[in-house]
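The residues of the chain are indexed from 1 along the displayed sequence.
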Amino acid sequence: MTRSMTGFARSQSQGTWGELVWELRSVNHRYLDIHLRLPEALRSLEPAIREAVGRHLSRGKVEVGARFAPAEASRAVEIDYARLDAVSEALSEIRARVIDCQAPDALRLLTFQGVQRETEPDTEALQRDALAALGQALEQLSAVRAEEGARMEAMLRERAATIGERAEAAAARLPVVKTAWADKLKARLAELDVEADPSRLEQEIVFTAQRMDVAEELDRLHSHVAALEDALSRDEPIGRRLDFLMQEFNREANTLGSKSQDAELTEHAVEMKVLIEQMREQVQNIE
């Protein structure tokens with residue numbers, strides 16, 4: 001299955017601990033590059049999160065962000081009575097030593113460092129539910145990348161088929177080109193009224209025909225089309241394989257263009273290069 005490296009997914013989860021939202025974005029990259037933006041309550045899950053992403057994706061720059069809003073119940077204020085007693089005792093000693101020292105009110109006491117603390121949410125339940133929600137987001141992201149990949153695969157197959165058709169047309173043109181070139185050479189010699197050595201002329205025609213021969217390049221283009229079809233049928237990451245194939249496609253098209261001494265063959269080479277460039281741009285985004 002052909003998969004894109006571009007996609008977005010979002011999942012939301014709620015519990016007694018509050019509300020959590022995952023947002024995942026991915027773009028193309030040579031390797032799997034994971035960037036995390038996590039609230040403090042989920043920091044300890046970083047290894048598990050990276051492992052989960054790696055199970056679903058093999059390439060791409062992936063941004064994994066989480067927004068956590070604790071439930072109001074989990075924000076209840078707890079009083080550290082031991083700390084409060086210590087503060088109260090210290091205040092009593094100060095009042096005994098300092099004349100006219102006023103005692104702070106209850107609100108001031110609550111703001112004293114260590115006297116109050118917010119209760120922590122159920123960390124175990126939060127982390128369990130967070131990983132489950134992350135799994136849903138990753139499934140969604142994989143589906144989005146697969147859907148985009150299917151569109152890219154259809155485009156690649158269409159362009160590859162057109163390249164194959166161009167290669168067939170070029171192969172059919174080769175005998176005509178060789179014959180036309182030999183006739184042109186003989187006509188030029190006749191114009192110059194030069195008596196050419198038949199064996200030398202035959203050697204020159206054979207030599208030039210070999211230099212102009214692109215049958216091997218056309219055969220390799222057909223081979224690359226078959227290799228691309230095979231790669232697109234594999235259920236594994238194929239982006240690097242396709243990138244290499246694009247280089248091979250381009251090499252053969254360039255050679256075809258450089259050897260061509262015929263307008264029609266040159267047109268086939270140019271059109272092939274346009275198609276290959278369109279394919280190459282898509283391949284850069286395939287996993």
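Met5 is not connected to Leu138 by any chain of hydrophobic side-chain contacts under 4.5 Å among Ile, Leu, Val, Met, Phe, Trp and Tyr, and they are in different clusters. Hydrophobic clustering, with ILVMFWY side chains joined whenever heavy atoms are under 4.5 angstrom apart, keeps Phe8 apart from Val27. Cluster membership for Ile34 and Leu131, using ILVMFWY side-chain heavy atoms within less than 4.5 angstrom, is shared. Clustering ILVMFWY residues whenever any of their side-chain heavy atoms sit less than 4.5 angstrom apart, transitively, puts Met155 in the very cluster that holds Leu228. Leu38 and Leu126 fall within a single hydrophobic cluster, where Ile, Leu, Val, Met, Phe, Trp and Tyr side chains are chained together by heavy-atom contacts under 4.5 Å.
No salt bridge links Arg251 with Glu217; every basic N to acidic carboxylate O contact stays at or beyond 4.0 Å. Contact check on Glu277 versus Lys273 returns no salt bridge, with no Lys/Arg side-chain nitrogen under 4.0 Å from an Asp/Glu carboxylate oxygen. Using a 4.0 Å cut-off between charged side-chain N and carboxylate O, Glu124 and Arg128 make no salt bridge. Using a cut-off of 4.0 Å between Lys/Arg side-chain N and Asp/Glu carboxylate O, Arg25 and Glu63 are scored as not salt-bridged. Ion pair Arg145/Glu287 flagged as a salt bridge, since at least one NZ, NE, NH1 or NH2 atom sits closer than 4.0 Å to an Asp/Glu carboxylate oxygen.
Taken to the nearest 0.5 Å, the CE atom of Met272 stands 15.0 Å off from the CZ atom of Arg159. Summarising the geometry, atom CD1 belonging to Ile276 is positioned 9.0 Å from atom CD belonging to Glu252; distances are rounded to the nearest 0.5 Å. His35 contributes atom NE2, which lies 11.0 Å from atom CZ of Arg37 (distance to the nearest 0.5 angstrom). Separating the CG atom in Asp262 from the NE2 atom in His268 is a distance of 8.5 Å, to the nearest 0.5 Å. Between the CD atom in Glu281 and the CE atom in Met152 there is a gap of 11.0 Å [rounded to 0.5 Å].
Val53 places none of its side-chain heavy atoms less than 4.5 Å from the side chain of Leu24. Under the 4.5 Å side-chain criterion, counting only non-hydrogen atoms from C-beta, Gln278 is in contact with Leu275. Proximity of Thr6 to Val144: side-chain heavy atoms (C-beta onward) are nowhere separated by under 4.5 Å. Proximity of Leu242 to Leu232: side-chain heavy atoms (C-beta onward) are separated by under 4.5 Å at one or more points. Side-chain atoms of Leu174 and Leu265, non-hydrogen and from C-beta on, do get closer than 4.5 Å to each other. Put simply, the side chain of Leu45 does not reach to within 4.5 Å of the side chain of Leu134, judged on heavy atoms. Inter-residue side-chain proximity for Ser26 and Leu141 is flagged as met; some heavy-atom pair is nearer than 4.5 Å. With a 4.5 Å cut-off on side-chain heavy atoms, Arg59 and Arg240 count as touching.
Closest non-hydrogen pair, Ile49 versus Trp22, comes out as CD1-CH2, 3.7 Å. The shortest heavy-atom contact between Ser11 and Ala133 is OG-O, 2.9 Å. Minimum heavy-atom separation, Leu20 to Ala130: CD2-CB, 3.3 Å. Gly54 approaches Leu32 most closely through the heavy-atom pair CA-CD2, 3.9 Å.
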(Q) Applying side-chain contact (heavy atoms from CB on, under 4.5 Å) to Ile163 and Glu271, what does each step give before you reach the verdict? (A) CA-CA 8 Å; Ile163 289 174; Glu271 289 301 319; over 6 Å; no
Q: Decide yes or no on side-chain contact (heavy atoms from CB on, under 4.5 Å) for Thr2 and Ile286, but give the supporting numbers first.
A: CA-CA 7 Å; Thr2 306; Ile286 292 179; 3.8 Å; yes
Q. Hey, mind stepping through Glu19 and Ser13 against side chain to side chain donor-acceptor pair (under 3.5 Å) and telling me if it holds?
A. CA-CA 6 Å; Glu19 181 180 76; Ser13 182; over 6 Å; no
Q. Can Val214 and Thr255 be said to form a side-chain contact (heavy atoms from CB on, under 4.5 Å), step by step?
A. CA-CA 8 Å; Val214 290; Thr255 305; 5.7 Å; no
Q) Should Leu221 and Glu216 be marked as a side-chain contact (heavy atoms from CB on, under 4.5 Å) after you check the CA-CA gap, both sets of side-chain angles, and the distance that decides it? A) CA-CA 9 Å; Leu221 281 168; Glu216 192 172 323; over 6 Å; no
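Checked against side chain to side chain contact (heavy atoms under 4.5 Å, CB included), Gln140 has the following partners two or more places apart in sequence or in another chain: Ala9. Partners of Arg67 by side chain to side chain contact (heavy atoms under 4.5 Å, CB included), not counting sequence neighbours, listed by chain and number: Arg10, Val21, Glu23. With sequence neighbours left out, Asp243 forms a side chain to side chain contact (heavy atoms under 4.5 Å, CB included) with Gln247, Val283, Gln284.
No donor-acceptor pair closer than 3.5 Å links the side chain of Ser223 to the backbone N or O of Asp219. Judged by distance alone, the side chain of Asn254 and the main-chain N or O of Asn250 form a donor-acceptor pair under 3.5 Å.
Between Trp17 and Phe68, the angle of the ring planes lies from 30° to 60°, which puts this pair in the tilted group.
With hydrogens and angles left out, the side-chain atoms of Asn285 and Ser4 include a donor and acceptor closer than 3.5 Å.
No more than 12 heavy-atom neighbours from other residues, nucleotides or ligands sit within 6.0 angstrom of CZ on Arg30.
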